[in-house]
Structure formats: structure tokens, C-alpha cells
Amino acid sequence: MQVAKKPIKKIDIYNENFNHFFVEKLNKITPEQKALIPESLSFKIYRYGSEAGSEMLSFQEKMWILSTVFKHHVTIMVDDDERGICMKEFSKSQQALKGEIKNGPLLDSLRVHSSFIMADKELMASSLYMNHVCTTNIYSLVKELIENTSHKRDRAFVKAKKEINTILEFLSNYEATKRKIAIDYELTMPMWYALIYFSKNEKLGVDFYDGDFKYAYASNKVTMHRDMKRLQDMGYLLRRGKKLQYRYSLTGAGINLLDRIMNNIILKF
């Protein structure tokens, strides 16, 4: 007779550096912030007196306090890898983290572990932007179209209509909010076109104003020349090469500007 395995209980995410960071935040808490913590959680934090502790809090409760009380953004990144660890390795890793066994040889052999990384606003904004992009309808649609092109040519009418509606929704939002680019970021349409065109890699300027964007709305060759120069002066566009063969690419500031516009306006639908 096969004996049923015992259920796993009280498994939680544990990271020593994160715990130190969390307790340090609690020790610097203001009276206003402290008032926001529910009594049930406050009892766990100050169980042994006035000194704060995090041992009784679950990872979920710590996340709630960081986001609600301290107004921090928290990003959890999962490596999309099917490898893992067995229950025996997991049990030993928990013992090692608590100092019950030596952890040198043990932890070196483990294929996964938890890490705590503190980030500034720029890095956090990039992570949140990438998460937003990867979970939007338009991204899922494009990814699915690429994956299915070679072996799923026939599509049901309802599914095809849904995909077309997603594209139409994106275009509708883009046209409806395009003016906000000029209002919120003080950019003309030619400047916006240039940010898009030179975003991926270095390209010839002549291919921009005499080629791909020759018939772009609200622009012409003169305004494109002028506004490309304005982008250079603002530090968003880099130019190199000889006259009539000038090549352009976005600077780091230009990439950051494009990311903010995409996150705050274009992909919000």
C-alpha cells in the first residue's frame, strides 16, 4: 500500500537581506505610517515590546505593509525555467538559511534561490513598463500571431474578430490620445515620428524624411529637418557621419523619453 505524502505546511519566501531591509523600515516608521498598520499585524511586529521584528509576518503581509504603509513599488520576477529543486533539497535549504546546518556546499548545488535587489526609480519604472508591455492585449496578440503563423493558418471567425478588435482598439486609443504627446511632453509630430523611427537602431536621416515618413501626417521635409535638430539640441537624438549621409540614433535620454510616452499614453488602452 502506498503511503500518502504529508502536506507541506508553512512554506514561505525567505531572504535574509530582505528581512534586514524590512526591519530597518519598521524601525524608522513615523506615527502616521504606524497608524495605518492593522492591529493584528502590529501585534506580530511588536510582540516582544517596542523593538520591531518580522519573524511572525508572512511574506504576503510584508508586501502589504511595504506597498500600503511605505508606498514602495515591489516587483517579483520569475525566471521562466522548468527546473526546480526536490523536497529534500528544499528542506535542507530552509535549515541552512536558519543556520541549523552549514550552507556552503549545500546552497552552491541548488539550482534556484531567492534574491533581494533594491532598485532606484528608473530601474523600477523599467521593470514595471516591461511587465505592462508583456501583459497587454496587443503584446499577447503579436506574440500569438508569430507563434502560430507557421502551423495555424485557419482561424475561427470569433477569434479573428477578437484579434482585429484588439488592433482597432489600439489604433483608436493611439489616435485619440496622440495630442497628449504634444501637450504632456512638448513634442511636435515630426519629433515623435523621429523618436519612433530611430528607436531600434541607427538609420540614415534621408531614409526618414524622404523615405518611410515622406507622407506622414502633419509633417514635411522642412519641419522634419528642423525638429530633428531640436531633438539633437535637447539631447534625445545623436547624429554622426558626413553631410547628406548623416546617421541618427536615440541617446539614453531619448530612449527613456520614448519609454515614458509608450507607458503613459500609447499602451494605456
Salt bridge (charged side-chain N to carboxylate O under 4.0 Å, His left out) partners of residues 207-221, not counting sequence neighbours, each pair once: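 Sorted pair list: D210-K221.
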Please name the pair of heavy atoms, one in [X] and one in [Y], separated by the smallest distance, quoted to 0.1 Å.
{"X": "P190", "Y": "T223", "result": "CG-OG1, 3.9 Å"}
{"X": "T188", "Y": "R230", "result": "CG2-NH1, 3.7 Å"}
{"X": "G205", "Y": "F198", "result": "CA-CZ, 4.3 Å"}
{"X": "L195", "Y": "G254", "result": "CD2-O, 4.2 Å"}
{"X": "Y193", "Y": "A216", "result": "CE1-CB, 3.6 Å"}
{"X": "I37", "Y": "S42", "result": "CG2-N, 3.7 Å"}

For the [atom1] atom on [X], are there more than 12 heavy atoms of other groups (residues, nucleotides or ligands in this structure) within a distance under 6.0 Å?
{"X": "E51", "atom1": "CD", "value": "no"}
{"X": "Y246", "atom1": "OH", "value": "yes"}
{"X": "R179", "atom1": "CZ", "value": "no"}

Derivation and outcome, side-chain hydrogen bond (donor to acceptor under 3.5 Å, both in side chains), residues N19 and K62: CA-CA 9 Å; N19 285 346; K62 295 172 186 175; 2.8 Å; yes
Output the distance between atom [atom1] ([X]) and atom [atom2] ([Y]), rounded to the nearest 0.5 Å.
{"X": "E202", "Y": "L204", "atom1": "CD", "atom2": "CG", "value": "8.5 Å"}
{"X": "R226", "Y": "S219", "atom1": "CZ", "atom2": "OG", "value": "10.5 Å"}
{"X": "E186", "Y": "M191", "atom1": "CD", "atom2": "CE", "value": "9.0 Å"}
{"X": "E169", "Y": "L171", "atom1": "CD", "atom2": "CG", "value": "10.5 Å"}
{"X": "I266", "Y": "I261", "atom1": "CD1", "atom2": "CD1", "value": "7.5 Å"}
{"X": "Y46", "Y": "M56", "atom1": "OH", "atom2": "CE", "value": "15.5 Å"}

Keeping the roles fixed (side chain from [X], backbone from [Y]), state whether a donor-acceptor pair exists under 3.5 Å.
{"X": "T177", "Y": "N173", "result": "yes"}
{"X": "S199", "Y": "I196", "result": "yes"}
{"X": "N263", "Y": "D259", "result": "no"}
{"X": "T68", "Y": "I65", "result": "no"}
{"X": "Q245", "Y": "K242", "result": "no"}
{"X": "T30", "Y": "Q33", "result": "yes"}
{"X": "S58", "Y": "E61", "result": "yes"}

Steps toward side-chain contact (heavy atoms from CB on, under 4.5 Å) verdict (F70, L26): CA-CA 9 Å; F70 295 108; L26 290 176; 4.3 Å; yes
Worked check of ring pair (Phe, Tyr, Trp, His ring centres under 6.0 Å) between F18 and F59: CA-CA 10 Å; F18 172 73; F59 181 75; 5.8 Å; yes
D227, L231, T251 screened by side-chain contact (heavy atoms from CB on, under 4.5 Å) with L237, the one that passes: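 Only one option passes, and that is L231.
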R260 and N256: CA distance, side-chain angles, deciding distance, side-chain contact (heavy atoms from CB on, under 4.5 Å) verdict: CA-CA 6 Å; R260 293 200 305 272; N256 289 334; 4.1 Å; yes
Pi-cation contact, Y197 with K203 (under 6.0 Å, within 45°): yes
Co-membership, hydrophobic cluster, residues [X] and [Y], 4.5 Å side-chain:
{"X": "L238", "Y": "M234", "result": "no"}
{"X": "L41", "Y": "F22", "result": "yes"}
{"X": "I167", "Y": "M262", "result": "yes"}
{"X": "V23", "Y": "L36", "result": "no"}

Audit row: K178, M189, side-chain contact (heavy atoms from CB on, under 4.5 Å) steps and yes/no: CA-CA 9 Å; K178 191 162 58 175; M189 279 299 100; 3.7 Å; yes
Non-hydrogen side-chain atoms of F21 and K25 separated by less than 4.5 Å: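 A side-chain contact under 4.5 Å exists here.
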Note, I265 side chain near Y174 side chain (heavy atom, < 4.5 Å): no
Listed partners of K28 passing salt bridge (charged side-chain N to carboxylate O under 4.0 Å, His left out), at least two apart: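 Partners of K28 under the salt bridge (charged side-chain N to carboxylate O under 4.0 Å, His left out) test: E24.
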Trace of the side-chain contact (heavy atoms from CB on, under 4.5 Å) decision for L250 with Y236: CA-CA 6 Å; L250 294 189; Y236 296 137; 5.6 Å; no
